[in-house]
**Student:** 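Dropping a structure here in structure tokens format, bear with me for questions.
Each ligand, and each atom within it, is numbered from 1 in the order the structure gives.
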Amino acid sequence: MPDLSKYTKSLSEHFFNADNIVLISHINPDGDAIGAQLALYHFLKSKGKNACMISPNNLQEFLKWMEGSDLIHVFIRQRDKCKSLIEKAGLIVMLDFNQPDRLGEMETLVTGSGTTKIIIDHHLNPKGFADMEISDPTFCSTAELVHELITAIDGKPFYSKPYCEAIYVGIITDTGNFEHGPYTSRTFRIVADLLDTGIEKARILNLVYNNFSENRLRLQGFALNERMVVLPEYQTAYIWLTKADLTDYNYVKGDTEGFVNLPLSIKGIVFSAFFVEKDGFVKLSFRSTGKFPSNEFASEYFSGGGHINASGGECRDSLENSISYFLKVLKENFSRLNGNK
Ligand code: 5GP
Ligand code: MN
């Protein structure tokens, strides 16, 4: 396990000396961002601290059952309230991101604040915009890292029901229920301890994974049937959706979550890309298996980044041109990135 002792003392001092601790998750928060945010919130509240939570934008439905999620202020809906919380903050803790643009419309407000800022995260390449950065990509999830930090600070694990559920949700959603990412035997030991506290695994899995609309499932069927292209010679497959496709299926935010993973279940496919047409640009998600560095592909060609096996980027062009450009750079660089040259 990575050595966290270098952070423990200072982190503990920050937590216990600060009044008004503001916990911030990233834009389009996923289960790990919200899980880590809620877990730290429940821990700090149990210690009598005055803490509050902000998300740059709305939470997806599959996270709204989590205890405390209704207390998360949504910046784009409550700008004045969030501004005042940040202005009054004695400490800002950012969870599950290490690049300022992940703050969305809150970016300048947060980066411009003179308050001490801490990042707790597990992505690569931190941008260095906080006073303290605990950013370790060997953790499968920020939730796992938060749990280890709290255990180190307190000298023992903290177990309350909402806390345990939040850590569990962070771990399962960032590993695809233990399918990908750097989870370890240590992760399973943490999860075993969480389950021993009595949290209801089947109920939580049902709330997280069986919460889709009929439209979403039909959109997935359409995407696989009509919009997936497989390139066996490059061990790659991609899926593309237009704005009109999304409208046809009454798209709501989060509906395409996970689509990018689907082509990886085809035998021999090691790299998957997912294109979604937006206003004036195309958003891309990448996934890979094994050593194919999807994040290098994203950063070299699509102004993006992320983890080796899960990354994303964008292309400021039409969908058609974005796909052509993708095919061009894929063909030119697949062998090199896949370690064959
Ligand atoms: P997703 O495909 O789930 O949206 O993103 C997967 C991961 O890729 C995220 O956790 C994040 O690390 C990274 N990522 C996605 N989009 C971008 C982007 O536009 N820029 C950067 N730097 N990273 C991204
Ligand atoms: Mn995460």
**Student:** Set out, in order, the CA-CA distance, both residues' side-chain angles and the distance that settles side chain to side chain donor-acceptor pair (under 3.5 Å) for Tyr301 and Asn333, then state yes or no.
**Tutor:** CA-CA 10 Å; Tyr301 306 108; Asn333 297 285; 2.9 Å; yes
**Student:** Please say which of Gln60, Lys253, Arg102, Glu257 ends up in a side-chain hydrogen bond (donor to acceptor under 3.5 Å, both in side chains) with Asn28.
**Tutor:**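 Single side-chain hydrogen bond (donor to acceptor under 3.5 Å, both in side chains) partner of Asn28 among Gln60, Lys253, Arg102, Glu257: Lys253.
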**Student:** Which residue supplies the protein heavy atom nearest to atom 16 (N) of ligand 1, what is that atom called, and how far is it?
**Tutor:**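 Protein heavy atom with the smallest distance to atom 16 (N) of ligand 1: Lys283 NZ, 2.8 Å.
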**Student:** For the ring pair Phe188 and Tyr183, is the centre-to-centre distance below 6.0 Å?
**Tutor:**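 So the answer is yes for these two rings.
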**Student:** Considering only non-hydrogen protein atoms, determine which one is nearest to atom 3 (O) of ligand 1 and report residue, atom name and distance to 0.1 Å.
**Tutor:**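 Going atom by atom, the protein heavy atom closest to atom 3 (O) of ligand 1 ends up being Arg287 NH2, 3.0 Å.
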**Student:** Can you list the ligand 1 atoms lying under 4.0 Å from a non-hydrogen atom of His123?
**Tutor:**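 This gives 10 (O), 12 (O) as the contact atoms.
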**Student:** Run the contact test for Glu257 against ligand 1 with a 4.0 Å cut-off on heavy atoms, strictly below, and give the result.
**Tutor:**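 No.
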**Student:** Does ligand 1 have a heavy atom under 4.0 Å from the side chain of Glu314, from its backbone, from both, or from neither?
**Tutor:**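 No part of Glu314 comes within reach of ligand 1.
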**Student:** Between the Mn ion (ligand 2) and Asp174, which N, O or S atom of the residue is the nearest one?
**Tutor:**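 For Asp174, the N/O/S atom sitting closest to the Mn ion (ligand 2) is OD2.
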**Student:** As a quick check of understanding, evaluate salt bridge (charged side-chain N to carboxylate O under 4.0 Å, His left out) for Asp279 and Lys243, giving each step before the final call.
**Tutor:** CA-CA 9 Å; Asp279 286 319; Lys243 274 199 285 184; 2.5 Å; yes
**Student:** Can you tell me which N/O/S atom of His122 has the shortest distance to the Mn ion (ligand 2)?
**Tutor:**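 Nearest N/O/S atom of His122: NE2.
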**Student:** Just to confirm my output: which protein heavy-atom neighbour is closest to atom 4 (O) of ligand 1, and how far is it?
**Tutor:**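 The answer is Ser285 OG, 3.8 Å.
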**Student:** Have a look at Asp96 and say which of its N, O or S atoms is nearest the Mn ion (ligand 2).
**Tutor:**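 For Asp96, the N/O/S atom sitting closest to the Mn ion (ligand 2) is OD1.
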**Student:** I need the nearest protein heavy-atom contact for atom 23 (N) of ligand 1: residue, atom name and distance, please.
**Tutor:**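 Sorting protein heavy atoms by distance from atom 23 (N) of ligand 1 puts Gly305 O, 3.1 Å first.
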**Student:** Is the centre of the Phe222 ring less than 6.0 Å from the centre of the Phe259 ring?
**Tutor:**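 That pair fails the under 6.0 Å test.
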**Student:** Yes or no on salt bridge (charged side-chain N to carboxylate O under 4.0 Å, His left out) for Glu61 and Arg216, after CA distance, side-chain angles and deciding distance?
**Tutor:** CA-CA 13 Å; Glu61 282 307 315; Arg216 192 266 182 199; over 6 Å; no
**Student:** Centroid separation under 6.0 Å, is that true for the rings of Tyr163 and Phe43?
**Tutor:**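 Ring centres of Tyr163 and Phe43 not closer than 6.0 Å.
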**Student:** Pull out every atom of ligand 1 sitting under 4.0 Å from any heavy atom of Gly306, numbered as shown with elements.
**Tutor:**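 The list of qualifying atoms is 12 (O), 13 (C).
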**Student:** Please name the atom of Asp32, restricted to N, O or S, that is closest to the Mn ion (ligand 2).
**Tutor:**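 It is OD2, the N, O or S atom of Asp32 closest to the Mn ion (ligand 2).
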